[in-house]
Amino acid sequence: MDADAADTVVFEAPAHFRFYKSGKIERLNRPPILPAGVDEATGVTSKDVVLDANTGLSVRLYLPKLHQNTSKKLPVLVYFHGGSFLIGSADDATYHTYVNALAAAAGVLAVSVDYRLAPEHPLPAAYDDSWAALRWAASAQDGWIAEHGDLSRLFLAGDSAGANIVHDMLMRAASGGDGSPRVEGAILLHPWFSGCAPIEGEPPAATVVTGMLWSYACPGAVGGADDPRMNPLAPGAPALEKLGGVRMLVTAGMADGLAARDRAYYDAVAGHGAAAWHGSEGEGHVFFLQKPGCDNAKQLMDRVVAFIAGA
């Protein structure tokens, strides 16, 4: 491949990333990286823990401000950030700010996973890192989790590709075996699912774009975007009835091109267990990260808090 061809842009998501024919990715307008510590706005304290020095896998833990003279332990919530498996990190300003707010509002000990990104580390690297981090959190090796965490109340949450990871974690946990944690509830915020063909109500462009991004993140996918990890409703995908023992909250922005796909997933899992739906009218994809102070974002946060509380 000559230099000119290698430098040809084959796909660009404005303000997010640019892909070149050579396979190189250029990440654009990255949010600033924020250090762990005490968040003045919420009183939440965070710290970073390296889980695997060889791969770079790490997590950022969030401990909300504890009331004096209380011995009550906190639910543990493992969070997976979004970004098409290509961008984002647990320590960037977008996710650090959101998980701080979530830990404070819901009263949870949060574990935000900093998994490896594609295309430098194609899938299943992000899935495998996330599974390792989930098992680590459930083992209570960390002092904060051992002292303050109630692992009988273990939750998973994520947005976009992170919600896709939540689904994969649930399927792995449901398969049983040693080290499979028991999950009480799962929160899928605007999950990133797709397929080779549009479904009813889904803009064809959404299928094209998500399928292309999936091919960059998981070049070895069997069936392309109908790989069961990207399309849990594809023919031959593992049965969703495995997830019947987990409470689930599935959400979408109703102006998002993924909304129809998210609703189809909800309808499928609701047929097998306790699932709830929350749609935000007039809102786009992961709007709550960009404008957390708007009314719909506050309503979504209230719904997430209520779900964790058992409502």
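Using a distance-only test at 3.5 Å, with no hydrogens or angles considered, a donor-acceptor pair links the side chain of D114 to the main chain of A90. For the pair K65 (side chain) and T45 (backbone), a donor-acceptor distance under 3.5 Å is absent. In this structure, R247 contributes its side chain and F307 its backbone to a donor-acceptor pair below 3.5 Å. Counting only distance, with no hydrogens or angles, the side chain of Y79 and the backbone of G162 share no donor-acceptor pair below 3.5 Å. A donor-acceptor pair is defined here as one N or O able to donate and one able to accept, closer than 3.5 Å; no such pair exists between the side chain of D256 and the backbone of A259.
Hydrophobic clustering, with ILVMFWY side chains joined whenever heavy atoms are under 4.5 angstrom apart, keeps Y95 apart from I33. Cluster membership for F80 and V50, using ILVMFWY side-chain heavy atoms within less than 4.5 angstrom, is not shared. Taken together through direct or relayed side-chain contacts under 4.5 Å among Ile, Leu, Val, Met, Phe, Trp and Tyr, L258 and V208 form parts of separate hydrophobic clusters. Note: the hydrophobic cluster containing I199 does not contain M230 (ILVMFWY, side chain heavy atoms under 4.5 Å, direct or indirect links). In this structure, L289 is not a member of the same hydrophobic cluster as L34, with clusters built from ILVMFWY side-chain heavy atoms closer than 4.5 Å.
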Problem set entry | Worked verdict on L28 versus I87 for side chain to side chain contact (heavy atoms under 4.5 Å, CB included) | CA-CA 9 Å; L28 310 172; I87 58 175; over 6 Å; no
| said: For L300 and L189: C-alpha separation, side-chain torsions, deciding distance, then whether side chain to side chain contact (heavy atoms under 4.5 Å, CB included) applies. | reply: CA-CA 9 Å; L300 177 57; L189 301 165; 4.3 Å; yes
Side chain to side chain contact (heavy atoms under 4.5 Å, CB included) for D262 and W277? Distances and angles first, verdict last.
CA-CA 10 Å; D262 294 343; W277 169 260; 4.2 Å; yes
Before giving the answer on salt bridge (Lys or Arg N to Asp or Glu O under 4.0 Å), spell out for D302 and K298 the whole-Å C-alpha distance, their side-chain angles and the decisive distance to 0.1 Å. CA-CA 6 Å; D302 289 345; K298 292 177 181 177; over 6 Å; no
Kindly determine whether Y115 and H121 satisfy ring-ring contact (aromatic ring centres under 6.0 Å, His included), including the steps that lead there. CA-CA 10 Å; Y115 53 83; H121 304 283; over 10 Å; no
Practice problem: Before giving the answer on side chain to side chain contact (heavy atoms under 4.5 Å, CB included), spell out for F11 and V209 the whole-Å C-alpha distance, their side-chain angles and the decisive distance to 0.1 Å. | Solution: CA-CA 9 Å; F11 182 80; V209 171; 3.9 Å; yes
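Annotation: side chain to side chain donor-acceptor pair (under 3.5 Å) contacts involving residues 220-233, sequence neighbours excluded, comprise D226-N231, D227-R229.
Rounded to the nearest 0.5 Å, atoms CG (N100) and CG (D39) are 4.0 Å apart. The structure places CZ of R172 at 8.5 Å from OG of S130, a figure rounded to the nearest 0.5 Å. A distance of 9.5 Å separates CD1 of I165 from CG of D159, quoted to the nearest 0.5 Å. Atom CG of L74 and atom CD of E147 lie 10.5 Å apart (nearest 0.5 Å). Interatomic distance, F287 CZ to C294 SG, rounded to the nearest 0.5 Å: 5.0 Å. Annotation: the span from S280 atom OG to H190 atom NE2 amounts to 5.0 Å, rounded to 0.5 Å.
Heavy-atom minimum distance, A106 versus I308: CB-CD1, 3.8 Å.
Not counting sequence neighbours, F17 has no partner by the ring pair (Phe, Tyr, Trp, His ring centres under 6.0 Å) test. The ring pair (Phe, Tyr, Trp, His ring centres under 6.0 Å) test applied to H167 returns F193, Y265, not counting sequence neighbours.
Enclosure of atom NZ in K47 by more than 12 non-hydrogen atoms of other residues, nucleotides or ligands within 6.0 angstrom is indicated. Other residues, nucleotides and ligands contribute over 12 non-hydrogen atoms within 6.0 Å of the CD atom of E26.
Applying side-chain hydrogen bond (donor to acceptor under 3.5 Å, both in side chains) to N164 and the options W192, W214, Y127 leaves one that passes, Y127.
L243 is listed as a side-chain neighbour of M171, based on a closest heavy-atom distance under 4.5 Å.
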